[in-house]
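Reading through the C-alpha cells given below for one structure.
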There are 2 protein chains.
Amino acid sequence: MSAYPKSVDSLIEMLSKIPSVGPKSAERIAHYVLKAQAFEIKNLADALTAVKQNIRNCSRCFNLAEEDLCFICQDFKRNSKLICVVEFSKDIVAIEKSQFEGRYHVLMGKISPISGIGPDQLRINELLHRVRSENLEEVLLATSADMEGEATAMYISEQLKPLNVKVSRIAYGIPVGSSLDYADQMTLSRAISGRRDF
Amino acid sequence: MSAYPKSVDSLIEMLSKIPSVGPKSAERIAHYVLKAQAFEIKNLADALTAVKQNIRNCSRCFNLAEEDLCFICQDFKRNSKLICVVEFSKDIVAIEKSQFEGRYHVLMGKISPISGIGPDQLRINELLHRVRSENLEEVLLATSADMEGEATAMYISEQLKPLNVKVSRIAYGIPVGSSLDYADQMTLSRAISGRRDF
C-alpha cells in the first residue's frame, strides 16, 4: 500500500505513464506540485489543456499550428521555392536551429511495413499536390537516416521524378541510424549545406 | 525564436521550471501531450488541480492528508505509543517501506540558521503538546543525518527531557547491501561506534 493520499497517488500514476518520466521522477514532480503555489499549478493545468485545444496541423504543411497555417507558412520572407520534407513536426524544431530558410512538409511518419504504415498513411499525396501547385524548385528530403527513412525518401523521389523538380537528400553528416532530434546544431547545418542531388 | 506555436512554448517553459525536469525533458513531455488523447491530458490537468484542492496537512501529525486526519493517524491498528519525528512528509513515504508500525510527526523542515529557520518555524510545539496529551512511550527522532538534522534532533531531545518519554535516534551505519569501500569515513566511524552484539 502506498503512503500517499489517493489524489497524490493517482497523479503519480498518470505522470509515470509519460515516456521519459520514470516512477521516481513522477514522485519528484508530485512533490513539486504539493509545494508549489495553487496558481502555479492551475497555470500548468491550463497550459496542458490549452495545448490540446489550440494546436492543430497546418493545412498546408502539417506542422503544428494554432491557426489555419503555421507560422512558417505564414512567413513571406522565407524561401517559398524550397521545401524540406520531414517525418514529424518535432524535426522542424531541430532544423529551425540551423540556417534553413525554406519551408517544410511534414509526412507525419515514415514508410514502415513492420508498423503497417504505407505511403497512403503519410502526407505524400499532399506533397505531390504542393509540388504541382506551388511552383517549387527544390524538394529536400530530410527523413531520418535509418532504413525506413531512407525507403521513404526513395519512394518520394520516385514519385517526384515526373514532376520536373530538383530532389535533394540531406547529407550524411547526421550519424547513420540515429533520429533527427538527437543531432546537434552544427551537424544539422553541415548536413543541410552539404545536401546532394538524390 | 522558437519553432513551436505559442501554447506549446509556454507549456515547455512551465515544465522546465519543475526541479528534476530539464529543458530537454520538458520538450519530450510536451511532445507526449501533443500526441496523447485529449481526455488523457484533461485527466492529467484535473489530477494536478485535484492535488492542490484536496491535500492539506493532517491536523495531528502534519502528514499529507485528504481529510482532517491522515490515513496513518486514522489507523487504529498502528502503535499509538511510538511516534517517529521526520522533517518532511516525503520522509514518511520512505519509512513506510520499512516495517515501522508507529505513527509520525512532521516538523515541516529542520533548524537551519542559514535559511533563517528556527525552532519556532517548525512543528515542535505541536510535538511537545502531543507528547503531553497522547501518553506516548517513545519518540524516535528520524531527522536527516546532516548537521542541521542533527542539531534539530538535539534541540528536540532537550525539549523532551522534562517530559518523561523515551527519546531515540535512528541509527547511523552502512546502508544495507552496499559495500564497505563506498562508505565515507564519518559513516564508518559511526557504524563502528554504534556496533551491536551479534
Side-chain angles (χ1 to χ4, degrees), chain A residues 1-8 10-15 17-21 24-25 27-56 58 63-67 70-72 88-90 92-97 181, chain B residues 1-8 10-15 17-21 24-25 27-56 58 63-67 70-72 88-90 92-97 104:
Chain A
M1 191 197 157
S2 152
Y4 289 111
K6 232 182 305 165
S7 55
V8 179
S10 86
L11 176 63
I12 291 174
E13 200 197 311
M14 283 183 203
L15 291 169
K17 279 186 203 152
I18 303 177
S20 90
V21 177
K24 204 75 196 164
S25 304
E27 257 189 270
R28 276 195 216 105
I29 296 174
H31 282 296
Y32 162 81
V33 172
L34 286 163
K35 260 178 133 176
Q37 301 288 314
F39 80 91
E40 293 179 292
I41 301 308
K42 183 170 182 315
N43 288 349
L44 178 57
D46 290 348
L48 283 164
T49 43
V51 163
K52 293 313 278 184
Q53 276 159 9
N54 301 346
I55 299 296
R56 64 186 93 180
C58 172
N63 185 16
L64 302 173
E66 283 178 329
E67 296 163 65
C70 75
F71 77 95
I72 294 174
F88 299 104
S89 56
K90 66 180 173 187
I92 295 180
V93 178
I95 294 177
E96 281 295 287
K97 290 173 188 157
D181 54 335
Chain B
M1 189 198 158
S2 150
Y4 288 111
K6 233 183 304 166
S7 55
V8 179
S10 86
L11 176 63
I12 292 173
E13 200 197 309
M14 284 183 202
L15 290 170
K17 279 187 203 151
I18 303 177
S20 92
V21 178
K24 204 75 195 165
S25 303
E27 258 189 88
R28 277 196 215 105
I29 296 174
H31 283 295
Y32 163 80
V33 171
L34 286 164
K35 260 178 132 176
Q37 301 288 312
F39 80 91
E40 293 178 292
I41 300 309
K42 182 168 183 317
N43 288 348
L44 177 58
D46 290 347
L48 283 164
T49 44
V51 162
K52 291 314 279 184
Q53 275 160 10
N54 301 347
I55 299 296
R56 63 187 93 179
C58 173
N63 186 16
L64 302 174
E66 283 177 330
E67 295 163 66
C70 74
F71 77 96
I72 294 173
F88 299 104
S89 56
K90 65 180 172 188
I92 294 181
V93 178
I95 295 176
E96 281 294 288
K97 290 173 189 156
Y104 294 94

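Being a predicted model, the structure only gives us computed values, none of them experimental. All chains are named by letter (A, B, ...) in the order of the sequence lines, taking the proteins before the strands, and each is independently numbered beginning at 1.
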Exercise. Counting distance only, does the side-chain N/O of B/Arg56 pair as donor-acceptor with the main-chain N or O of B/Glu66 below 3.5 Å?
Worked result: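 Checked: pair present.
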Exercise. Counting only heavy atoms not in A/Lys42, do more than 12 sit closer than 6.0 Å to its NZ atom?
Worked result: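 12 or below, so no.
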Exercise. A/Thr49: what forms a side-chain contact (heavy atoms from CB on, under 4.5 Å) with it, not counting sequence neighbours?
Worked result: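 By the side-chain contact (heavy atoms from CB on, under 4.5 Å) rule, A/Thr49 matches B/Ala45.
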For this session: To the nearest 0.5 angstrom, please state how far the OH atom of B/Tyr4 sits from the NZ atom of A/Lys90.
Result: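 One gets 9.0 Å once the value is rounded to the nearest 0.5 Å.
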For this session: Kindly compute the distance separating CZ (B/Phe71) from NZ (A/Lys6), expressed to the nearest 0.5 Å.
Result: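 Reported value, rounded in 0.5 Å steps: 12.0 Å.
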Find the one option among [options] whose heavy-atom pairs under 4.5 Å with chain B are most numerous.
options	answer
A/Asn54, A/Ile29, A/Asn63, A/Leu34	A/Leu34
A/Ala65, A/Ser89, A/Ala36	A/Ala36
A/Ile92, A/Asn43, A/Val21	A/Asn43
A/Val33, A/Ile72, A/Asp46	A/Val33

Problem set entry | Residue A/Gln37 versus chain B: region with a heavy atom under 4.5 Å |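 Answer is backbone: N, CA, C or O of A/Gln37 sit under 4.5 Å from chain B.
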